[in-house]
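Heads up: the structure comes next, in structure tokens.
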Amino acid sequence: MNLFADIRALVNEALASMAAEGMLPEGLDLANVTVEPPRDPAHGDMATNAAMVLAKPARLKPRDIAEALAAKLTDDPRIASAEVAGPGFLNLRLDVSVWQSVPKAVLTAGTEFGRSQMGQGQKVNVEYVSANPTGPLHVGHTRGAVFGDALASLLAYSGHEVTREYYVNDGGAQVDVLARSVYLRYLEAHGQKVEFPDGTYPGDYLVDVGEALKAKVGDAYIGKGEEVWLSEIREFSTESMMNLIRADLKMLGVEMDSFFSEKSLYGTGLIEAAIADLDAKGLIYRGTLEPPKGKVPEDWEPREQTLFRSTAHGDDVDRPIKKSDGGWTYFAPDIAYHYNKVTRGFDALIDVFGADHGGYVKRMKAAVSALSEGRVPLDVKLTQLVKLYKNGKPFKMSKRAGTFVTLRDVVEQVGPDVTRFVMLTRKNDATLDFDFAKVLEQSRENPVFYVQYAHARICSVLRKAVEAGIAVDDATLAEADLSGLTHASELAVAKKLAEWPRLVEIAARTHEPHRVAFYLYDLASDLHALWNRGNEEPSLRFLQDDDAAASQSKIALARAVTVVISAGLGILGVAPAEEMR
RNA sequence: GGUCCCGUAGCUCAGCUGGAUAGAGUGCUCGCCUCCGAAGCGAGAGGUCACAGGUUCGAAUCCUGUCGGGACCGCCA
């Protein structure tokens with residue numbers, strides 16, 4: 001049930017019949033016709049811009065179209081009134097029975113209310129986290145993980161077939177660094193005193209790995225050169241790190257469908273195949289790049305390289321795919337990886353990167369555009385910085401000072417639900433302030449609490465109802481007579497519930513899960529408002545003394561709110577609270 | 001210098017495919033518990049949507065330019 005879609009369809013029918021009757025020309029483009037809730041409730045329940053959009057192509061005055069459309073629409077029993085306003089808006093008021101039917105629809109569908117078929121089963125690959133397997137996940141990764149996960153859920157809820165994927169950078173030089181660092185910890189485990197030179201990872205999370213390596217191979221690598229142990233320790237270390245990362249993600253409630261190894265691209269011909277594909281399209285050549293405009297790096301010198309003609313697909317400069325020593329640049333395996341995604345048959349790709357990879361977006365889009373010949377869209381979502389605070393004071397992260405804040409630190413302190421919700425209360429491309437004290441505060445200022453409180457309050461009512469011997473199971477509530485829900489505060493809640501399916505589609509289309517969080521806050525707000533009206537007007541309370549039928553109708557509305565909150569929180573990966581503690 | 005992101009109330013931020021008198025929270029002023037959870041609700045005050053052009057019936061939203069903040073910028077991923 002999507003009321004806005006229903007009414008939009010009704011408008012389309014009315015316009016079609018006007019065309020059939022010769023009042024409008026045939027074949028008008030209706031793509032820009034909208035039916036949406038007006039900002040100002042005084043303008044009714046829904047407004048359509050049809051008359052204004054069609055005035056020009058139809059060579060008619062907006063008012064004339066609007067008048068005729070109004071006459072058609074009011075024939076439908078759902079439309080209580082349609083009046084022309086402003087420059088040609090048609091403001092619609094829906095019959096109260098339409099709003100009264102909303103809780104029933106919610107209770108019948110459960111958390112499936114709002115699920116959309118918009119995606120039409122499109123296969124979408126969402127790649128996120130993809131942190132290097134060289135250490136535990138930190139706060140920045142956490143935001144990417146939460147965002148990507150919620151986006152994936154949102155797309156699944158709106159009719160897409162989603163694959164959640166992690167790209168494991170286990171093929172580059174940073175894994176050698178990891179292996180050498182583990183080797184030092186291994187020596188340490190054998191009682192040697194070691195120092196960590198620049199270019200190694202001194203973090204103590206590798207102590208256990210060194211110990212484990214000792215347990216596995218004993219003293220076999222002591223005093224031996226890299227040629228003996230590098231490859232094997234690399235393998236051992238990345239496996240350990242991935243186990244660590246998997247455990248971190250699990251704490252946060254993130255579960256990937258697939259881990260794709262960068263290493264699996266080497267020596268298997270996959271990179272070569274991807275580059276050959278580009279080459280066949282005439283997009284690979286030997287050449288020399290211009291120096292960067294403005295500040296030229298100190299050590300700049302012209303150099304002939306193997307280049308990808310990414311400028312043919314919207315990039316600003318062509319990009320090197322081979323280093324001067326003949327090895328691939330990091331870009332080459334990324335091309336191969338995305339080539340692989342395309343050949344796996346995905347209809348759309350989404351990459352979630354940290355903002356520091358912003359400069360990488362255009363070339364990646366160029367690569368996918370070239371490889372798929374423009375068929376597969378790639379959307380790259382960048383997650384901005386997380387700024388940490390403690391009681392309003394900035395909290396600087398520093399590996400040296402030991403104040404390096406990991407995902408584990410955050411989740412252990414505030415829990416996965418709070419972490420996830422808070423990380424979704426900002427647009428992905430806006431920086432996020434995360435205050436360890438404030439996110440646990442129980443006040444309206446804290447949206448996590450505010451939404452959970454609304455949910456818990458209703459659960460409390462349901463418990464009271466049961467004590468009073470009133471049946472409040474969903475099947476019973478769905479059959480309740482809702483014609484008594486007539487107060488503006490009650491209808492406001494019903495109207496907000498009716499917006500949920502529409503909100504899901506907008507959020508999914510824009511790839512913006514934060515919209516769900518903001519919607520839930522608004523829904524909670526309407527519920528709290530209704531609740532408090534009950535203080536002054538006893539007839540608005542959910543529990544009506546000695547009147548089970550009236551109680552059930554009001555509880556049906558309240559219960560529907562918890563259902564939608566559960567559905568919304570479910571997309572965000574947050575568990576609803578039965579009671580506040 | 002180039003590319004991308006951001007600039008909306010004192011502060012932190014929403015704002016849908018361009019739509020009507022631009023909204024929340026917070027802070028300030030004032031009200032609401034004999035009553036389902038007041039951890040809440042209501043009212044008031046608070047705006048040159050950074051600036052200047054352009055497109056449009058209509059611009060916070062789209063285009064161009066300027067200013068300010070951030071990220072990135074050929075053999076690191």
Side-chain angles (χ1 to χ4, degrees), chain A residues 31-34 36-40 42-43 47 49 52-53 55-56 62 85-89 91 132 134 169 171-175 262 288-297 300-303 305 307 315-320 322-327 329-331 333-334 354-362 382 384-385 425-427 429-431 433 441-447 449-450 453-454 456-461 463-465 468 502-503 505-507 509-510 512 514-515 518 521-522 525 528-536 538 541-544 551 554-555 558 579-580:
Chain A
N32 290 324
V33 173
T34 60
E36 40 184 34
R39 290 190 207 286
D40 187 345
H43 293 143
N49 62 356
M52 287 180 292
V53 172
K56 203 172 202 178
F89 284 104
N91 290 335
N132 288 341
T134 53
N169 287 105
Q174 77 283 354
V175 199
E262 176 194 358
T288 307
L289 289 174
E290 295 286 311
K293 299 266 162 63
K295 284 179 188 171
V296 178
W300 169 265
E301 55 188 58
R303 191 179 292 123
Q305 296 167 296
L307 298 167
D315 202 357
D316 306 306
V317 292
D318 292 337
R319 306 291 177 175
K322 271 191 178 176
K323 299 188 280 191
S324 54
D325 67 3
T329 62
Y330 57 87
F331 186 37
D334 279 351
D356 54 344
H357 287 63
Y360 203 51
V361 175
K362 279 194 178 181
L382 301 177
Q384 261 293 352
L385 221 63
T425 53
R426 287 286 175 273
K427 268 187 303 208
D429 50 13
T431 57
D433 291 344
E441 214 167 79
Q442 304 207 333
S443 74
R444 176 163 194 168
E445 196 179 350
N446 181 356
F449 165 76
Y450 190 71
Y453 182 37
R457 266 183 153 176
I458 301 170
C459 290
S460 170
V461 169
R463 288 192 295 268
K464 296 262 183 194
R502 182 171 180 273
L503 184 282
E505 295 196 348
I506 292 171
R509 190 179 59 236
T510 54
E512 292 182 341
H514 76 275
R515 290 175 189 272
F518 281 92
Y521 185 86
D522 288 344
S525 178
H528 288 309
L530 170 59
W531 184 292
N532 279 80
R533 289 302 288 264
N535 289 339
E536 294 143 30
R541 292 176 197 162
F542 297 108
L543 287 166
Q544 296 292 312
S551 297
K554 291 175 189 301
I555 291 172
E579 54 189 333
M580 307 309 294

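Bear in mind the structure is a predicted one, so any value in this text is a computation, not a measurement. Chain letters run A, B, ... following the sequence lines, proteins first, then strands; residues in each count from 1.
When the nearest nucleotides of RNA chain B are assigned to A:K322 and A:R457 by heavy-atom distance, the more 5′-ward of the two goes with A:R457. Annotation: of the two residues near RNA chain B, A:R463 and A:L385, the 5′-most nearest-nucleotide partner is A:R463.
Looking at every heavy atom in both residues, A:I555 comes nearest to A:A465 through CD1-CB, 3.8 Å. Nearest heavy atom pair, residue A:Y453 against residue A:H528, reads CD2-CE1, 3.4 Å. Contact record, A:L289 with A:P320: CD1-CD, 4.2 Å, taken as the closest heavy-atom pair.
Taking the syn range as angles within 90° of 0, the glycosidic angle of B:C6 is outside it, so the base is anti.
Applying the 4.0 Å criterion to OP1 and OP2 of B:C35, one finds that A:W531 has every side-chain N and O outside that range. Checking the phosphate oxygens (OP1, OP2) of B:G37, a side-chain nitrogen or oxygen of A:K464 falls inside 4.0 Å. A sub-4.0 Å separation between OP1 or OP2 of B:C75 and a side-chain N or O of A:Y330 is present.
Look at the P atom in both B:G19 and B:G58: the space between them is 14 Å, to the nearest Å. Separation of the C1' atoms belonging to B:A60 and B:A52 is 16 Å when rounded to the nearest angstrom. Nucleotides B:A59 and B:U12, compared at atom P, are 29 Å apart to the nearest Å. For the C1' atom pair drawn from B:C13 and B:A22, the interatomic distance equals 14 Å after rounding to whole Å. On the C1' atoms, B:G68 is 16 Å away from B:C49, given to the nearest whole Å. As rounded to the nearest Å, B:U8 and B:G15 have C1' atoms that lie 9 Å from one another. Of the P atoms belonging to B:C11 and B:U3, the separation is 31 Å, rounded to the nearest Å. Nucleotides B:A20 and B:C33, compared at atom C1', are 40 Å apart to the nearest Å.
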One pair to check against side-chain contact (heavy atoms from CB on, under 4.5 Å): A:R444 and A:Y521. What are the steps and the verdict? CA-CA 10 Å; A:R444 176 163 194 168; A:Y521 185 86; 3.1 Å; yes
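Among the atoms of the strands shown, none is found under 4.0 Å from any heavy atom of A:P538. At the heavy-atom level, A:A507 lies nowhere under 4.0 Å from the strands shown. Residue-level contact check: A:Q384 touches neither bases nor backbone, having no heavy atom under 4.0 Å from any strand. Using a 4.0 Å heavy-atom criterion, one finds that A:A465 contacts no nucleic acid atom at all. Note on A:S443: only backbone sugar-phosphate atoms sit closer than 4.0 angstrom, heavy atoms only; bases stay farther off. Using a 4.0 Å heavy-atom criterion, one finds that A:Y521 contacts the sugar-phosphate atoms exclusively. A:L289 comes within 4.0 angstrom of no nucleic acid atom, judged by non-hydrogen atoms across all strands. Within 4.0 Å (heavy atoms only), A:N535 reaches at least one base atom of the nucleic acid. At a threshold of 4.0 angstrom between heavy atoms, the contacts of A:N91 include nucleobase atoms, whether or not backbone atoms are also involved.
A:R541 contributes atom CZ, which lies 12.0 Å from atom CG of A:L530 (distance to the nearest 0.5 angstrom). Here the straight-line distance linking atom CG of A:D315 with atom NZ of A:K362 works out to 7.0 Å at 0.5 Å rounding. Taken to the nearest 0.5 Å, the CZ atom of A:R319 stands 10.5 Å off from the CG atom of A:L307. Put simply, CD on A:E441 and CZ on A:F449 are 10.5 Å apart, with the number rounded to the nearest 0.5 Å. Here CZ of A:R426 is found 10.0 Å from NE2 of A:H514. Values are rounded to the nearest 0.5 Å.
Computed from coordinates, the A:D40 CG to B:G23 P distance equals 8 Å when rounded to whole Å. In this structure, A:D315 atom CG and B:C73 atom P are separated by 14 Å, rounded to whole Å. Between A:L543 atom CG and B:C35 atom P there is a gap of 15 Å when expressed in whole angstrom units. Rounded to whole Å, atom P of B:A77 lies 15 Å from atom CZ of A:R319. Atom CD of A:E536 is separated from atom P of B:G42 by 10 Å (rounded to the nearest Å). Here B:C36 presents its P atom at 13 Å from CZ of A:F542, a figure rounded to the nearest Å. Separating the CD1 atom of A:I458 from the P atom of B:G37 is a distance of 12 Å, rounded to the nearest angstrom. Going from atom CZ of A:R444 over to atom P of B:G42 covers 7 Å, rounded to whole Å.
The partner of B:C35 is absent, by the rule that a Watson-Crick or G-U pair needs both atom distances under 3.5 Å. Pairing of B:G1, defined by two Watson-Crick or G-U wobble distances under 3.5 Å, is identified with B:C73. In this entry B:G53 has B:C63 as its Watson-Crick or G-U wobble partner, both defining distances falling under 3.5 Å. Using N1 to N3 plus N6-O4 or O6-N4 for Watson-Crick, or N1-O2 and O6-N3 for G-U wobble, each under 3.5 Å, B:G58 pairs with nothing. When Watson-Crick and G-U wobble pairs are counted only if both distances are under 3.5 Å, B:U29 pairs with B:A43. Nucleotide B:A22 forms a pair with no other nucleotide shown, judged by Watson-Crick or G-U wobble geometry with both contacts under 3.5 Å.
By the criterion of a centre-to-centre distance under 5.5 Å and near-parallel planes under 30°, the ring of A:Y453 forms no stack with the base of B:G40. Under the stacking definition used here (centres under 5.5 Å, planes under 30°), the residue A:H43 qualifies as stacked on the base of B:A20.
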Distances under 3.5 Å only, N/O to N/O: pair up the protein atoms with those of nucleotides 10-17 of chain B.
unit_1: B:U12; atom_1: O2'; unit_2: A:R426; atom_2: NH2; d: 3.0
unit_1: B:C13; atom_1: O5'; unit_2: A:R426; atom_2: NE; d: 3.4
unit_1: B:C13; atom_1: O2'; unit_2: A:R426; atom_2: NH1; d: 3.4
unit_1: B:A14; atom_1: OP1; unit_2: A:K427; atom_2: N; d: 3.2
unit_1: B:G15; atom_1: OP1; unit_2: A:H514; atom_2: NE2; d: 3.0
unit_1: B:G15; atom_1: OP2; unit_2: A:K427; atom_2: NZ; d: 3.4
unit_1: B:G15; atom_1: O2'; unit_2: A:R39; atom_2: NH1; d: 3.4
unit_1: B:C16; atom_1: O2; unit_2: A:R502; atom_2: NH1; d: 3.0
unit_1: B:C16; atom_1: O2; unit_2: A:R502; atom_2: NH2; d: 2.8
unit_1: B:U17; atom_1: OP1; unit_2: A:R509; atom_2: NE; d: 3.2
unit_1: B:U17; atom_1: OP1; unit_2: A:R509; atom_2: NH2; d: 2.2

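Of the possible donor and acceptor atoms, one in the side chain of A:S551 sits under 3.5 Å from a partner among the backbone N and O of A:Q544. Using modelled atom types, one side-chain atom of A:N49 and one backbone atom of A:T34 make a donor-acceptor pair closer than 3.5 Å.
Under 3.5 Å, the side chain of A:D316 and the base of B:G2 form no donor-acceptor pair of N or O atoms. Contact of A:N532 with B:A38 (side chain to base): no donor-acceptor pair of N or O atoms is detected under 3.5 Å.
The side chain of A:F449 has B:G40 as its nearest neighbour among B:C41, B:G40, B:G37.
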